[in-house]
Protein chains: 2
Amino acid sequence: MRRHSFDLVDYQILQELQVDARKPAAEIARKLGLNERTVRNRIDRMVEAGAIRLTCIVDPNYFGYVITADIFLEVDLDREQAVIEALLAMPEVSYLAFGQGTQDLSIEVRFKNNEQLREFLRSGLPAIPGVHVKGYALVPRILRNIDEWMPPPEDFTAE
Amino acid sequence: MRRHSFDLVDYQILQELQVDARKPAAEIARKLGLNERTVRNRIDRMVEAGAIRLTCIVDPNYFGYVITADIFLEVDLDREQAVIEALLAMPEVSYLAFGQGTQDLSIEVRFKNNEQLREFLRSGLPAIPGVHVKGYALVPRILRNIDEWMPPPEDFTAE
DNA sequence: GCTGAAAATTATGCATT
DNA sequence: AATGCATAATTTTCAGC
């Protein structure tokens with residue numbers, strides 16, 4: 001998958017972009033002592049390589065989605081694709097991953113109150129053919145998510 | 001928490017920013033038939049309100065972190081704060097949340113190979129005083145994460 | 001892959017509605 | 001809140017190294 005290799009200058013640029021994806025390349029260049037064009041070239045290269053994505057993260061809490069839960073599902077194998085599509089179409093689902101077993105799926109869901117979660121567990125999920133709820137757990141608070149993740153600096157060294 | 005209320009125009013702007021956080025306001029304005037100034041004002045308002053964050057998502061796979069696992073921990077209560085700080089300082093930890101029990105923490109970790117994961121489970125985690133590994137599960141593939149989440153359009157309606 | 005300079009585009013500050 | 005305008009800053013294009 002990896003084609004380019006990035007160095008510590010790229011790493012510093014990344015850190016700036018993580019704080020503010022719209023920070024002007026000229027400003028980053030000044031701060032890091034680089035040429036403006038160099039900064040823009042490196043940003044473009046990282047984006048085009050697929051190493052990073054400059055995007056907009058919406059805060060669920062701000063919009064009232066204060067309840068988070070992890071739900072563990074078992075899915076009939078012949079319905080797997082349809083189930084995944086159904087789950088991805090649901091705005092409540094903020095995370096979806098395959099689980100360890102061949103029939104397992106894990107999801108994380110967001111709701112405005114416990115009643116909506118209860119309804120989802122009792123009616124929303126069972127309404128999808130082939131889905132079986134194995135269990136769930138409330139998530140009182142999330143302290144880090146993928147949007148705050150970054151590889152260690154050791155991964156940014158020219159070959 | 002919610003102070004402002006956003007409308008469907010904001011929602012459309014969000015969708016543009018989710019594709020490319022650096023998309024010029026002028027371009028978004030042209031596409032949506034809005035004034036440039038209006039687009040910038042609305043972006044600024046959403047960011048300042050804390051409803052959205054414009055950031056840089058790093059792809060773990062690109063950097064060789066092809067192994068993902070969920071690990072369930074139990075933490076001695078008097079060590080909780082120190083444990084959280086230790087975990088947040090680890091670049092392997094891409095997700096950290098409180099679990100349902102008063103002593104439970106869930107983490108998601110990324111590694112370049114199974115050996116590193118094994119080493120982390122055997123040595124890395126036990127080296128943190130007060131941490132007990134309750135179990136773990138490999139995550140074969142993640143299909144959606146918080147960076148792709150967005151509230152439904154119903155949440156964008158003027159009061 | 002880095003940098004320079006002019007042209008085009010975009011962002012900012014201020015004022016008006 | 002939205003917008004027009006003048007000014008400032010940034011990005012882009014095209015080029016050479």
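Quick caveat: nothing in here was measured; it's all calculated off a predicted structure. Chain naming here is simple, since letters A, B, ... match the order of the sequence lines and numbering starts at 1 in each.
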Side chains of residues 21-32 of chain A: which donor-acceptor pairs under 3.5 Å do they make with residues two or more places apart or in other chains?
from    : atom 1 : to      : atom 2 : distance (Å)
A:Arg22 : NH1    : B:Ala21 : O      : 2.7
A:Arg22 : NH1    : B:Lys23 : O      : 2.9
A:Arg22 : NH2    : B:Lys23 : O      : 3.1
A:Lys23 : NZ     : A:Glu16 : OE1    : 2.8
A:Lys31 : NZ     : A:Glu16 : OE1    : 3.4
A:Lys31 : NZ     : A:Glu16 : OE2    : 3.4

Side-chain donor-acceptor pair under 3.5 Å between A:Asn41 and A:Arg37, yes or no?
yes

Phosphate oxygens OP1/OP2 of C:dC2: is one of them under 4.0 Å from a side-chain N or O of A:Thr38?
no

Between P of C:dC14 and CG of B:Asn41, the distance in whole Å:
14 Å

Upstream residue (5' side of DNA chain D) when A:Arg37 and B:Asn35 are each assigned their closest nucleotide:
B:Asn35

Rounded to whole Å, how long is the line connecting atom NE2 of B:His4 with atom C1' of D:dA1?
12 Å

Mind calculating the distance between CG (A:Leu32) and P (C:dC2) to the nearest angstrom?
13 Å

Is it true that A:Gln100 and B:Tyr136 share a donor-acceptor pair across their side chains at a distance under 3.5 Å?
no

Using side-chain heavy atoms (C-beta onward) and a distance below 4.5 Å, is A:Glu80 in contact with A:Phe98?
yes

Here the distance between atom P of C:dT10 and atom CD1 of B:Ile28, to the nearest Å, is 11 Å

In whole angstroms, the gap separating P of D:dT10 from CD of A:Glu27 amounts to 7 Å

Axis-to-axis angle across the helix from C:dG1-D:dC17 to C:dT17-D:dA1, five pairs each end, nearest 10 degrees, ~ 40°

Interatomic distance, A:Phe6 CZ vs C:dG1 C1' [rounded to whole Å]:
13 Å

Nearest-Å distance, CG (B:Asp7) to P (D:dA2)?
8 Å

Measure across A:Leu14 and A:Phe156 and return the closest heavy-atom pair with its distance rounded to 0.1 Å.
CD1-CZ, 3.5 Å

Reckon A:Arg30 has a side-chain N or O less than 4.0 Å from the OP1 or OP2 of D:dA9?
no

For B:Phe72, does its backbone N or O pair with a side-chain atom of B:Ser106 as donor and acceptor, under 3.5 Å?
no

Residue pair A:Leu87 / A:Ile128, side-chain heavy-atom distance below 4.5 Å
yes

OP1, OP2 of D:dT10 versus side-chain N and O of A:Arg40: anything below 4.0 Å?
no

Any donor and acceptor pair, going by atom type alone, linking the side chain of B:Ser5 with main-chain N or O of B:Thr157 inside 3.5 Å?
yes

Which residues within residues 10-26 of chain A lie with some heavy atom under 4.0 Å of an atom in DNA chain D?
A:Pro24, A:Ala25, A:Ala26

Between B:Glu48 (CD) and D:dA1 (P), how many Å, whole number?
12 Å

May I ask you to say what A:Glu36 touches in the nucleic acid, namely base, sugar-phosphate or nothing, with a heavy-atom cut-off under 4.0 Å?
base

Would you mind reporting whether A:Ile57 and B:Ile52 have side-chain heavy atoms less than 4.5 Å apart?
no

